[in-house]
Amino acid sequence: KNIEKILKNAKNKQLCGPKTLTLRESEFELSGENEDTVYQYSAVQRTATDDKHYYVFVDEFSAVIVPFSAFENDAQKQELLQQNHRKYRR
């Protein structure tokens, strides 16, 4: 709960605010307050997961972090992971 409070009150909403991730055929877009960033799938260095998040590393130190709580159900989460694994795979 403390983390949620910190994120809610964060001054830099570009880093900590709510986001929308839109997947397209050759790119994905992260949009939110003060941000509208398009990433090519070819720019993805690697992906990873833990028990609560999906990480899409766009360079050595930066990742788009997708919380699993953003998905409506497990099937939706698995569909994204499988679809993106094929696109990011090198």
Can you name the residues that form a side-chain hydrogen bond (donor to acceptor under 3.5 Å, both in side chains) with Asn73, not counting sequence neighbours? none
Taking side chain as C-beta onward, heavy atoms only, is Leu30 less than 4.5 Å from Thr20? no
Residue pairs involving residues 47-57 (criterion salt bridge (charged side-chain N to carboxylate O under 4.0 Å, His left out); sequence neighbours excluded): none
Is there a side-chain contact between Val64 and Tyr54, using heavy atoms and a 4.5 Å cut-off? no
Rest of the hydrophobic cluster containing Tyr55 (Ile/Leu/Val/Met/Phe/Trp/Tyr, side-chain heavy atoms under 4.5 Å)? Phe57, Ile65
Close side-chain approach of Phe28 and Val58, heavy atoms under 4.5 Å: yes
Gln40 and Ser26: side chain to side chain contact (heavy atoms under 4.5 Å, CB included), yes or no, with the steps? CA-CA 6 Å; Gln40 299 298 313; Ser26 62; 4.2 Å; yes
I want to check something: taking the side chain as every heavy atom from C-beta on, are Phe68 and Thr49 in contact at a cut-off of under 4.5 Å? yes
Rounded to the nearest 0.5 Å, what separates atom CD in Gln45 from atom OG in Ser62? 9.5 Å
Side chain to side chain contact (heavy atoms under 4.5 Å, CB included) evaluation trace for Val66 with Phe71: CA-CA 9 Å; Val66 182; Phe71 298 101; 3.9 Å; yes
Rounded distance (nearest 0.5 Å) linking atom OH of Tyr39 with atom CZ of Arg24: 13.0 Å
Under the side-chain hydrogen bond (donor to acceptor under 3.5 Å, both in side chains) rule, collect the residues that match up with Gln76, sequence neighbours excluded. none
Pairs involving residues 53-73, ordered by first then second residue, that meet salt bridge (charged side-chain N to carboxylate O under 4.0 Å, His left out) (sequence neighbours left out): none
Which residues satisfy the salt bridge (Lys or Arg N to Asp or Glu O under 4.0 Å) test with Asp36, sequence neighbours excluded? none
